Amino acid sequence: MKRSEVDEKYKWKIEDIFASDEEWENFFEDTEKSLDFANYAGKLSESETLLKFFKANDEFDKALSRLAVYAHMRHDEDASISKYTAYYAKVSTLNSKYATQLSFFEPEMAKQDESYLTSLLSDKRFADYDYELRKIIARKPHTISEAEEKLIGMSDEILGSFYETFSMIDNLDLPLPEIEWEGKKVNLSHGLYGIILHSENREKRREAYEKYYAAYTSLINTITSVYYGNVRKDVFLSKAYKFKSCLEHALFSEDVDRSVYDNLIKAVNKNLSAMHRYIADRKKILGFDELYFYDVYAPLVDGVNVKYTYEQAYDIVVKGLAPLGKQYRELLKKGFDERWIDVVETEGKGGGAYSIGCPDCHPYVLLNYQPTMHELFTIAHEMGHALHTWFSQNNQPYAKSQYTIFVAEVASTVNETLLLKHMLKESKDENFKKYLLNYYLDSIRATLHRQAMFAEFEYEAHTLAEKEQPLTKEVLCDLYTGIGKKYYGEDIVHDYNVSCEWMRIPHFYRAFYVYKYATGLTAAINIANRILEKGEIAVNDYFKFLSSGCSNDPVSLLKLAGVDLSKTQPFEVAMREFEETLTEFEKLMGI
C-alpha cells in the first residue's frame, strides 16, 4: 500500500513539529547560523560563563533535536524519497559540526579543580545541571585532549554510518521475495513474516522462514562487514576514552553499575531449566518429532482467533491500563484523538515500531499495525514510551528531561504486563486463559530470555574484537549457535538459519542496548505487581519515576518506583514469574 492511499486519521500529525517542509528548511538555516560556541572556550572556570554555556547549549540542542525528529520521521514515512534522506544527512552534518565546536568542553571541564565543580552542586543557579556536573566529575579520568575530542567530533557522522547502512539494507535492499498468503501473491515483508510465524500453517511458516533467511544469507558477507565495522567502532571509542572494555564504556555512559548486567545474566542462566521445560512442552503440545525455530511462535491453543482492528485494540489497551488512573487514561485518549501515531504499514516505511520524543511538542509513535495479539501489546508498549516522555518533558527542565536508554524500556513493559494481567483476570473462557498464559510465557521468553541471549552474544562478539580476533561470518555464526543451544536446550533443531539470526537484529548497531529490554521487563514485573497489590500508593511512586527524566542515575530513579536492580531480588521475582506462569499453563493444558 502506498502512503497516499492511507486515511489521514492513521497518519501522525507531523505538522505539529513544523507546519511545512519550507518551515523546517528556514528553521534549519537559522539554527545552522546560530551555531557558535567559540566565545565560551577557555572561560568555563567562570561560573557565570559556564551557566550561560549550559543554557545556550540547551537551546541549540533543543532546536537540533526538533530538526532531527522531523527529518527522521519524514524519512521513515518513505525511505525512497531522497528529499528526506537529504534532510537527515543535513542534520547529521550539522550535528557533527556541533560536536566539533563542543570539543573544547570536556577537556576544559576536566582541567577544572574538583572543588570548583563540587561547589557548583550547592549553587541554586545550577540546579538544572547538578546531575550533569556529577557526571562531569566522574568522567574526569576518561577525558581526552581537545584535539582528540575534535577529531572524534569530526568523525561522528562516519562512525554513525554503520547503523544507517544496515537500515538501508534492511528496509530497502533486502531481496525479500513474493509469497502466497491468504490466496494472494504478496511481497514478503518484516510485518508479514511475523504474522505468518504466528500462524497455525506449519508448511507456510517453514516456507516464510526459509525465504526470509535466504534473503539475509544472500547478503551475509556484506552484513558481516557492516556489523564487524560497527563493533570495531565501539572498540575504538572505548579505547579512545580510556575504558577497559566496550561494556564498561556503555555502562559508564548511562551511569549503571556492572552488577546490574551481571545480575541479569546470572539469574537467567541459573533458571534456564524452566526455559528448556517450556520448549519441551511446546514440542509435546504440537506433537512434532522435531521442533524448529519457525515453530516457537506457533499457537499452542486451538480455537482462539484473535484479530482486533486498530480501534478495538487501542480501546482494550486503555481499559487494561486503568490501574494507572484517570490522568494516564486521558493521555492515552489524547494520543489517539490528536494523531500522535502513524499506524499503517506502507511501501518504503520504516519497519517495526518505536516512540520518539520531540522538544516543545508531544511524543510520536510509529507502528506497522497488523491485527494480531502481538500488535495489541505493541500499542501498549510504544504508548508506554510515549507517556514516559510526556511525563518527563512536563516535569523536568530540558537538561533533565531526556531519560536514559537504560530506563527507556521500563514504562513500555509495565504497560504490557498490566494489560496482560488485566486480560487474564477478565477472561471467563478457560481456553482464552490458556492462550494468554502462553502469550505471557512467550513475551517473557522474547523480552527477558531472548534479550539476555542477545546481550551475551554482543558481549562475546565485542570481547573477541577487543582481543583483535576478526569477526568473520563463521565466527559470528558459531558464536550465536553456541549461545542459542545453551538458552533453548536440546528439544529444538539448531539449523543454519538460526545461526544467522544475528544478521537481522537492528539493535546490535547500538551496542549493549538489548539487555535493557530484559532489565526493563524485570523492573516492570516488579512495578506492575506492586501497583496491583498496593494501588494508589504504588501508582504515585511510579509516577515519580516517570516524571524524573534523567535527574539522577537510572538505578536510583527506579528505586522511586520500589525496584532496586543492584540487588538480586527483582531478578529472582521475574524468574519466578516465568516459572509460576509455566506451571499454571501446564496445569490448564493437562501436561
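No experiment lies behind these values; they were computed from the predicted model shown.
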**Request:** Take Phe105 and Phe37 through the ring-ring contact (aromatic ring centres under 6.0 Å, His included) test and state the conclusion after the steps.
**Result:** CA-CA 10 Å; Phe105 178 74; Phe37 288 90; 9.7 Å; no

**Message:** What verdict does the ring-ring contact (aromatic ring centres under 6.0 Å, His included) test give for His388 and Tyr403, after you've listed the backbone C-alpha separation in whole Å, the side-chain angles of each residue and the deciding distance to 0.1 Å?
**Reply:** CA-CA 9 Å; His388 189 180; Tyr403 50 83; 3.7 Å; yes

**Request:** With salt bridge (Lys or Arg N to Asp or Glu O under 4.0 Å) as the test, would you mind laying out the steps for Lys97 and Glu157 before giving the verdict?
**Result:** CA-CA 10 Å; Lys97 292 178 181 177; Glu157 190 173 355; over 6 Å; no

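Remark: Arg232 fails to qualify as a cation-pi partner of Phe236 under the 6.0 Å distance and 45° angle criteria applied to the six-membered ring. For the pair Lys90 and Phe28, the cation-pi criterion (under 6.0 Å, within 45° of the ring axis) is fulfilled. In this structure, Arg510 fails the cation-pi test against Tyr163, since its NZ or CZ atom is not both closer than 6.0 Å to the six-membered ring centre and inside 45 degrees of the ring normal. By the 6.0 Å and 45° rule, Arg445 stacks over the aromatic ring of Tyr297.
Of all heavy-atom pairs spanning Phe377 and Glu416, the tightest one is CE2-O, 3.4 Å. The shortest heavy-atom contact between Tyr364 and Ile14 is OH-CA, 3.8 Å. The two atoms that bring Gly357 and Val69 nearest to each other are O-CG2, 3.2 Å, heavy atoms only. Considering every non-hydrogen atom in both Gly351 and Asn368, the closest pair reads C-ND2, 3.7 Å.
Counting only distance, with no hydrogens or angles, the side chain of Asn529 and the backbone of Ile525 share a donor-acceptor pair below 3.5 Å. Ser392 places no side-chain N or O within 3.5 Å of a backbone atom of Thr389 that could act as its donor or acceptor partner. With hydrogens and angles disregarded, no donor-acceptor distance shorter than 3.5 Å links the side chain of Gln393 to the backbone of Ser401. Within the 3.5 Å criterion, the main-chain N or O of Ile444 finds no donor-acceptor partner in the side chain of Thr447. With Glu106 contributing its side chain and Glu149 its backbone, the two residues share no donor-acceptor pair below 3.5 Å. Distance alone, capped at 3.5 Å, places no donor-acceptor pair between the Glu345 side chain and the Tyr369 backbone. In this structure, the side chain of Thr372 engages the main chain of Glu375 through a donor-acceptor pair within 3.5 Å. Asn394 contributes a side-chain N or O that, together with a main-chain N or O of Trp390, makes up a donor-acceptor pair within less than 3.5 Å.
Between His385 and Tyr354, the gap from one ring centroid to the other reaches at least 6.0 Å. Outside the 6.0 Å centre-distance limit, the rings of His75 and Tyr87 are not counted as a close aromatic pair. Ring centroid separation for the pair His72 and Tyr70 does not come in under the 6.0 Å cut-off. Taking the ring centroids of Phe252 and His142, they lie under the 6.0 Å cut-off. Between Phe457 and Phe508, the gap from one ring centroid to the other is short of 6.0 Å.
Side-chain atoms of Asp76 and Tyr88 form no donor-acceptor pair, as typed in the model, at a separation below 3.5 Å. Between the side chains of Tyr98 and Asp156, no donor-acceptor pair of N or O atoms lies under 3.5 Å. Between the side chains of Tyr513 and Gln451, no donor-acceptor pair is found at a separation under 3.5 Å. Residues Tyr131 and Asp553 bring no donor and acceptor atom of their side chains to less than 3.5 Å of each other. A donor and an acceptor atom, one from each side chain of Asp61 and Tyr398, are located under 3.5 Å apart. With 3.5 Å as the limit, one finds no donor-acceptor pair spanning the side chains of Ser245 and Glu248. Glu164 and Ser161 share no side-chain donor-acceptor pair at under 3.5 Å. Of the N and O atoms on the side chains of Asn271 and Arg576, not one donor lies less than 3.5 Å from an acceptor on the other residue.
Applying ring-ring contact (aromatic ring centres under 6.0 Å, His included) to Tyr261 and the options Phe571, Tyr515, Phe406 leaves one that passes, Tyr515. Paired with Val318 under the rule side-chain contact (heavy atoms from CB on, under 4.5 Å), one option of Arg329, Met383, Glu330 passes, and it is Arg329.
Taking a 6.0 Å sphere around OH of Tyr459, one finds it holds 12 or fewer heavy atoms contributed by other residues, nucleotides or ligands. Atom NZ of Lys266 is surrounded by 12 or fewer heavy atoms from other residues, nucleotides or ligands within 6.0 Å. Annotation: Lys242, atom NZ; neighbour count of heavy atoms from other residues, nucleotides and ligands within 6.0 Å is above 12. Crowding of Lys486 atom NZ: a count of heavy atoms from other residues, nucleotides or ligands under 6.0 Å exceeding 12. Lys11 NZ: more than 12 foreign heavy atoms inside a 6.0 Å radius.
In this structure, Lys349 pairs ionically with Asp342, as a charged nitrogen and a carboxylate oxygen lie closer than 4.0 Å. At a threshold of 4.0 Å, the pair Asp130-Lys400 counts as salt-bridged, since one of the basic side-chain nitrogens sits closer than that to a carboxylate oxygen.
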